[in-house]
> 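Pasting a structure here, questions to come.
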Amino acid sequence: MTEPLPAVDAAVEGELRLLDPVVRASADVLATLLHPDFREIGTSGRLWERDTIIAMLTDPDAPRPDPLVATRMRGDQLAPDLVHLTFDTESNGLRSHRSSLWRLTGSGWRLYFHQATPFIDDPLAEV
């Protein structure tokens, strides 16, 4: 068994924080977790940039989805300053495969890129 890598642990910790509804509602906390060049391809296929995703998530009039439950999270350190995470989430019956790139900056690990792809149970899919 391999020992956990501190970089992967830091990325996992950051990712789990981003799944917390309290964190998702705080522009200040989101700003500390999202890289200045952050981009996301959401489950709808929409491309989000840092400022637009923070505005959408923290809009007091926006509908609040149920919390996301993460499973099968794993990470690989691709370079000294880059970690790739993959995991699945479920919320309100919507399941998504997710992929995140975390970059080390002068202020710590920050989410640089994220993509979510909806999926349904497929008995022929890899487990």
Side-chain angles (χ1 to χ4, degrees):
M1 180 184 300
T2 60
E3 285 193 32
L5 297 171
V8 172
D9 289 345
V12 167
E13 180 183 327
E15 196 72 59
L16 293 175
R17 287 188 69 204
L18 284 168
L19 296 176
D20 182 335
V22 173
V23 169
R24 294 170 75 85
S26 169
D28 291 338
V29 177
L30 289 170
T32 67
L33 291 170
L34 300 180
H35 191 280
D37 296 325
F38 171 79
R39 293 170 54 122
E40 174 176 333
I41 300 171
T43 55
S44 67
R46 179 177 176 175
L47 179 63
W48 295 90
E49 293 185 353
R50 183 177 188 264
D51 293 342
T52 55
I53 197 84
I54 290 174
M56 186 275 297
L57 288 172
T58 60
D59 181 348
D61 297 327
R64 296 285 170 230
D66 287 344
L68 294 167
V69 176
T71 58
R72 300 186 334 153
M73 190 172 291
R74 62 170 294 211
D76 295 296
Q77 187 167 0
L78 304 177
D81 64 343
L82 188 65
V83 169
H84 179 227
L85 297 180
T86 57
F87 57 103
D88 293 337
T89 59
E90 183 171 358
S91 178
N92 275 346
L94 175 64
R95 300 177 74 194
S96 297
H97 294 302
R98 295 182 177 263
S99 178
S100 294
L101 289 174
W102 286 80
R103 294 188 74 176
L104 182 59
T105 69
S107 57
W109 288 94
R110 298 175 93 177
L111 183 58
Y112 180 75
F113 178 80
H114 182 79
Q115 182 165 356
T117 305
F119 74 96
I120 59 172
D121 284 328
D122 180 354
L124 302 176
E126 283 186 42
V127 176

> Going by side chain to side chain donor-acceptor pair (under 3.5 Å), name the residues that satisfy it together with Ser26, two or more places apart in sequence or in a different chain.
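Once residues adjacent in sequence are excluded, Ser26 has no partner under the side chain to side chain donor-acceptor pair (under 3.5 Å) criterion.
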
> Please go through Leu94's hydrophobic cluster and name the other residues, only I, L, V, M, F, W, Y counting, with side-chain heavy atoms under 4.5 Å joining them.
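Besides Leu94, the hydrophobic cluster comprises nothing; the residue is isolated.
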
> My understanding is that only residues two or more places apart in sequence, or in another chain, count here; which of them pass side chain to side chain donor-acceptor pair (under 3.5 Å) with Ser99?
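With neighbours one apart ignored, the set is His84.
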
> With a 4.5 Å limit on heavy-atom distance, are the side chains of Glu15 and Trp102 in contact?
yes

> For Glu13, look at atom CD and say whether over 12 heavy atoms of other residues, nucleotides or ligands are found less than 6.0 Å away.
no

> Would a single hydrophobic cluster contain both Leu19 and Val69, if residues Ile, Leu, Val, Met, Phe, Trp and Tyr are joined by side-chain heavy-atom contacts under 4.5 Å?
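Cluster IDs for Val69 and Leu19 differ.
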
> Calculate, to the nearest 0.5 Å, the distance between atoms CG and CG belonging to Leu18 and Leu30 respectively.
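If I round to the nearest 0.5 Å, the distance is 6.5 Å.
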
> My understanding is that only residues two or more places apart in sequence, or in another chain, count here; which of them pass side chain to side chain donor-acceptor pair (under 3.5 Å) with Glu40?
none

> For Thr32, which residues count as a side-chain contact (heavy atoms from CB on, under 4.5 Å) partner, sequence neighbours excluded?
Val29

> Can you name the residues that form a salt bridge (Lys or Arg N to Asp or Glu O under 4.0 Å) with Asp76, not counting sequence neighbours?
Arg74

> Evaluate the side-chain proximity of Asp88 to Thr71: yes if any heavy-atom separation is below 4.5 Å, no if none is.
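Heavy-atom side-chain distance check passes, below 4.5 Å.
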
> Tell me, please, which residues at least two apart from Ala10 pass side-chain contact (heavy atoms from CB on, under 4.5 Å).
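side-chain contact (heavy atoms from CB on, under 4.5 Å) list for Ala10, sorted by chain: Trp109.
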
> Can you pull out every salt bridge (charged side-chain N to carboxylate O under 4.0 Å, His left out) where at least one residue sits in residues 98-112? Sequence neighbours excluded, please.
none

> In this structure, are over 12 heavy atoms from other groups packed under 6.0 Å from Arg95 atom CZ?
yes

> Return all side-chain donor-acceptor pairs below 3.5 angstrom for residues 50-58, not counting sequence neighbours, or 'none' if the list is empty.
from  : atom 1 : to    : atom 2 : distance (Å)
Arg50 : NE     : Leu34 : O      : 3.1
Arg50 : NE     : His35 : O      : 3.4
Arg50 : NH2    : Ala31 : O      : 2.8
Thr52 : OG1    : Glu49 : N      : 3.1
Thr52 : OG1    : Glu49 : O      : 2.9
Thr58 : OG1    : Ile54 : O      : 2.6

> Run through the side-chain heavy atoms of Ile, Leu, Val, Met, Phe, Trp and Tyr, join any pair under 4.5 Å, and report what else lands in Tyr112's cluster.
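Noted: Tyr112 shares its cluster with Ile41, Leu47, Leu78, Leu82, Leu101, Phe113.
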
> Please report the closest heavy-atom contact between Leu111 and Ser100, naming both atoms and the distance.
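Of all heavy-atom pairs spanning Leu111 and Ser100, the closest is CD1-CB, 3.6 Å.
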
> Residues in side-chain contact (heavy atoms from CB on, under 4.5 Å) with Ala62, at least two apart?
Asp59, Arg64

